[in-house]
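To keep things clear, I will list the structure first and then write my remarks on it.
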Amino acid sequence: MSKKKKKNIQTENTVNANTNFEKRLEKKDAVLGTRKKGYLPLIVALVCSVIIVGGAIYYVSYDRSASAPVAASFSSENTLSQVSFPASLFEDGQARHFEHVTGNFAVKYFILKSSDGIIRAAFDACDVCWPAGKGYYQEGDYMVCRNCGRRFASIRVNEVKGGCNPAPLNRKVENGKVIIEVKDILEGIQYFDFPGKA
């Protein structure tokens with residue numbers, strides 16, 4: 001037998017032995033459950049961790065002041081027939097939410113000074129979404145429905161009615177006071193007759 005043939009046979013035997021050895025190791029790993037896994041599960045876990053940590057940081061640092069009702073200390077003058085507030089309370093353009101409790105109902109409304117300088121009032125409800133009982137929050141120069149997300153420019157509040165627009169509430173400004181008649185507030189009871197009403 002030539003040297004070349006002998007070398008080829010030895011090479012084949014070595015390759016076969018290596019292949020058999022590798023197959024045995026794979027079978028052993030499969031039986032014992034020690035098969036090496038790729039890095040994919042580790043990468044997925046790391047990505048998920050980063051997303052969760054990032055979400056937590058965003059949640060903690062998110063500025064909710066745009067959607068939270070604005071609190072202010074003031075003294076309102078209430079009589080049996082009307083409610084009044086100092087007009088200066090609304091100078092900053094922030095919507096103030098109020099409620100008038102009568103019997104089993106709390107009629108909710110808001111007052112704001114719109115971007116055109118007019119003090120406006122509306123019920124915290126509309127003709128469409130009132131059964132949800134969610135009302136509106138302010139976002140910049142817009143009032144936004146908490147139920148459907150529709151946005152209404154401040155200059156349209158108390159001007160446009162129907163649909164999802166905030167239901168207008170009559171008001172007048174006299175002698176530095178915003179005055180609302182109680183009878184006008186009570187006309188809004190229809191918007192606050194829903195399950196779980198406050």
Side-chain angles (χ1 to χ4, degrees), residues 54-78 81-102 105-194 196-198:
I57 291 170
Y58 175 78
Y59 179 79
V60 169
S61 65
Y62 179 69
D63 180 17
R64 292 174 188 80
S65 63
S67 63
V70 176
S73 61
F74 67 92
S75 61
S76 67
E77 294 178 22
N78 299 329
S81 63
Q82 61 183 216
V83 178
S84 67
F85 306 92
S88 60
L89 178 63
F90 308 102
E91 284 299 315
D92 61 3
Q94 296 298 309
R96 303 291 195 294
H97 290 78
F98 305 97
E99 61 181 44
H100 180 84
V101 178
T102 178
F105 295 95
V107 178
K108 298 177 181 181
Y109 58 98
F110 63 86
I111 303 171
L112 79 152
K113 186 171 190 176
S114 58
S115 58
D116 60 359
I118 297 173
I119 295 179
R120 303 173 183 275
F123 291 105
D124 200 16
C126 68
D127 292 339
V128 176
C129 295
W130 70 268
K134 296 181 179 178
Y136 297 86
Y137 67 92
Q138 187 174 17
E139 189 175 89
D141 193 37
Y142 293 88
M143 295 304 290
V144 182
C145 177
R146 292 181 193 274
N147 190 55
C148 70
R150 293 206 44 209
R151 299 162 51 91
F152 305 92
S154 67
I155 60 172
R156 307 297 290 183
V157 170
N158 203 248
E159 297 290 324
V160 180
K161 59 183 171 181
C164 198
N165 289 285
L169 174 58
N170 292 329
R171 85 287 177 220
K172 60 185 174 185
V173 180
E174 292 179 349
N175 301 323
K177 294 181 183 177
V178 179
I179 302 168
I180 301 176
E181 299 293 327
V182 170
K183 67 177 179 56
D184 291 333
I185 294 172
L186 295 178
E187 286 180 15
I189 285 179
Q190 62 183 330
Y191 297 114
F192 300 95
D193 185 13
F194 50 83
K197 64 184 175 284

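Throughout, residue positions are numbered sequentially from 1 according to the sequence presented.
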Exercise. Are Asp127 and Tyr191 linked by a side-chain donor-acceptor pair shorter than 3.5 Å?
Worked result: yes

Exercise. If you round to the nearest 0.5 Å, how far is CD1 of Ile185 from CZ of Phe98?
Worked result: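 If I round to the nearest 0.5 Å, the distance is 10.0 Å.
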
Problem set entry | side-chain contact (heavy atoms from CB on, under 4.5 Å) partners of Ala121, counting only residues at least two apart | Ile111, Leu169, Arg171, Ile180

Exercise. Got a sec, which residues hit side-chain contact (heavy atoms from CB on, under 4.5 Å) with Lys161, two or more places apart in sequence or on another chain?
Worked result: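 side-chain contact (heavy atoms from CB on, under 4.5 Å) list for Lys161, sorted by chain: Pro168.
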
Exercise. With Asp116, which residues qualify under side-chain hydrogen bond (donor to acceptor under 3.5 Å, both in side chains), at least two apart?
Worked result: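 In terms of side-chain hydrogen bond (donor to acceptor under 3.5 Å, both in side chains), with neighbours along the sequence ignored, Asp116 is linked to Ser114, Arg120.
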
For this session: Applying side-chain hydrogen bond (donor to acceptor under 3.5 Å, both in side chains), name anything that partners Gln190, two or more places apart in sequence or on another chain.
Result: none

Problem set entry | Leu89 side chain near Arg96 side chain, heavy-atom distance below 4.5 Å |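 SC-SC contact between Leu89 and Arg96 confirmed.
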
Problem set entry | Any side-chain heavy-atom pair of Cys164 and Cys145 under 4.5 Å | yes

For this session: Verify, without hydrogens or angle tests, whether Asp124 (side chain) and Tyr136 (backbone) share a donor-acceptor contact under 3.5 angstrom.
Result: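 Yes, the answer is positive, given that a donor and an acceptor are paired below the 3.5 Å cut-off.
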
In a table with atom names and distances, give each donor-acceptor pair under 3.5 Å that connects a side chain of residues 148-155 to protein atoms at least two apart or in another chain.
residue, atom, partner, partner atom, Å
Arg151, NH1, Glu139, OE1, 2.4
Ser154, OG, Ser115, N, 3.2
Ser154, OG, Asp141, OD1, 2.5

For this session: Not counting sequence neighbours, which residues clear salt bridge (Lys or Arg N to Asp or Glu O under 4.0 Å) with Glu91? List them please.
Result: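 Testing Glu91 for salt bridge (Lys or Arg N to Asp or Glu O under 4.0 Å), a comparison that skips the adjacent residues, returns Lys113.
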
Exercise. How far apart are the closest heavy atoms of Phe110 and Phe123, and which atoms are they?
Worked result: CE2-O, 3.7 Å

